[in-house]
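Report on one structure; see the data block that follows.
Chain naming here is simple, since letters A, B, ... match the order of the sequence lines and numbering starts at 1 in each. Note that the coordinates shown come from a computational prediction; the quantities given were computed from them, not determined experimentally. Below, each value reflects all heavy atoms present in this structure, side chains not excepted, and no hydrogens, waters or symmetry copies.
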Amino acid sequence: MREFSHQSWPKSKAEASRRQKETASQIRLLPLDEEPHLITAVETVYGNGSDVLYACAVTMSFPELEEVERVFAEGPPGFPYVPGFLYFREGAVISQALSNLKETPQLVIVHGHGTAHPRRCGLASHIGVVLDIPTIGCCRRLLTGHHRELPPTKGANQPIMLATRQVGVAYRSKENVKPIYISPGHRCDLPDAVSIVQRCLRGFRQPEPLRLAHLLANKLKQRSEKKIRVKPELAEETA
DNA sequence: GCGACAG
DNA sequence: ATCTTGTCGC
């Protein structure tokens, strides 16, 4: 996939905020220009103690949802964790993982928000603009905005409102389970974002590509950190 | 000033 | 995100 164009990372929240406003002006929320055949999901997990991020990107056929490719990357965060500024923390390692893909997908689902963001430029939107690819943000928790309560039934949904604008959808992807939060990132609109995520569900809370990316990113992390765990009460005997 | 706050 | 065992429910 397209090579990541290196950027400098901001040194302050003010600078980061300014970058987001500039980037937001480049976001295009239009219907997908083609039915995707390949969908990639990318997810990052955090190392224990060590300051390392582990990213995994998984490509699946669509709508069959069979895995076709998995790639990884790891590296240091580019920014401290500050709610609203995830791109500057995870963007580099995510871009690196995506650049390892042999085949370019027609759409990328990012674990994070798209336009459901204080400056309407969440992780998914920023990744989409920088790499010029269609993206969707799919998140487990709300960062900003509000929505009415959802019935417990699968498929229930409510608009996520930011001031008077709808920036996404709270969607009950599984009965009696907390909703997921869907918002378009770039080169995709809200109806298409919701439709695609719906069609990626396979009985779990998270859409299948994201669920798999999460599992594999954690597998990479555990292999990389080679943890040796011993039950405390058995430590003496073992030692 | 206070609360809220993706990973 | 993570620290954390068993447990309740589909």
Side-chain angles (χ1 to χ4, degrees), chain A residues 9 13 16-17 19-20 23-24 41-57 73-95 97 108-128 135-147 152-154 160-163 167-186 193 197 201-207 210-211 213-222 224-225 227 229-234:
Chain A
W9 301 109
K13 288 170 65 175
S17 183
R19 287 265 299 271
Q20 289 179 331
T23 304
V42 62
E43 158 113 15
T44 298
V45 299
Y46 292 55
N48 291 331
S50 58
D51 212 18
V52 180
L53 305 182
Y54 303 94
C56 175
E74 60 179 86
F79 203 72
Y81 171 65
V82 182
F85 298 93
L86 264 198
Y87 170 76
F88 303 106
R89 182 168 177 77
E90 304 186 356
V93 66
I94 288 175
S95 299
V108 176
I109 301 175
V110 179
H111 186 189
H113 290 295
T115 57
H117 179 276
R119 288 161 293 283
R120 306 188 68 190
C121 187
L123 177 62
S125 293
H126 213 132
I127 291 286
T135 57
I136 291 173
C138 187
C139 217
R140 305 172 51 170
R141 296 171 59 187
L142 206 54
L143 170 63
T144 189
H146 300 86
H147 66 84
T153 52
K154 176 178 180 178
I160 300 170
M161 304 302 295
L162 187 56
V167 294
V169 164
Y171 189 89
R172 187 87 67 186
S173 53
K174 182 178 180 181
E175 188 169 345
N176 292 322
V177 168
K178 288 187 295 184
I180 56 177
Y181 300 94
I182 305 165
S183 59
H186 179 56
V197 171
L201 295 175
R202 288 293 186 275
F204 297 92
R205 184 191 182 200
Q206 300 279 355
L210 214 43
R211 195 175 73 90
H214 180 73
L215 290 172
L216 295 175
N218 272 311
K219 185 179 293 186
L220 166 67
K221 168 185 170 180
Q222 287 166 25
S224 180
E225 298 189 344
K227 283 190 170 182
R229 302 179 193 177
V230 179
K231 284 191 173 183
E233 60 270 29
L234 298 179

Rounded distance [0.5 Å steps], [atom1] in [X] versus [atom2] in [Y]:
X	Y	atom1	atom2	answer
A:T135	A:H126	OG1	NE2	11.0 Å
A:H111	A:E43	NE2	CD	5.0 Å
A:L201	A:R211	CG	CZ	11.0 Å
A:L86	A:C139	CG	SG	8.0 Å

Single hit among A:Q222, A:E74, A:K219 for side chain to side chain contact (heavy atoms under 4.5 Å, CB included) with A:Y54: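 Only match with A:Y54 under side chain to side chain contact (heavy atoms under 4.5 Å, CB included): A:E74.
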
Under 4.0 Å protein heavy-atom contacts per nucleotide of nucleotides 1-7 of chain B, with B for base, S for backbone only and - for none: ----SBB

Nucleotides 5-10 of chain C: protein proximity per nucleotide (B base, S sugar-phosphate only, - neither; heavy atom, under 4.0 Å): ------

Euclidean distance, atom CD of residue A:E225 to atom C1' of C:dA1 [Å, nearest integer]: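 In whole Å, C:dA1 C1' and A:E225 CD are 13 Å from each other.
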
Gap between atoms CG and P, on A:N218 and C:dA1 respectively (whole Å):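 Computing the A:N218:CG to C:dA1:P distance gives 10 Å.
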
Under 3.5 Å side-chain donor-acceptor pair for A:E90 and A:Y46: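 A donor-acceptor contact under 3.5 Å links the two side chains.
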
Donor-acceptor pair, side chain of A:R205 and main chain of A:R140, under 3.5 angstrom: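 Yes, A:R205 side chain to A:R140 backbone: donor-acceptor pair under 3.5 Å.
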
Verdict with reasoning, A:H117 to A:Q20, per side-chain contact (heavy atoms from CB on, under 4.5 Å): CA-CA 10 Å; A:H117 179 276; A:Q20 289 179 331; 3.5 Å; yes

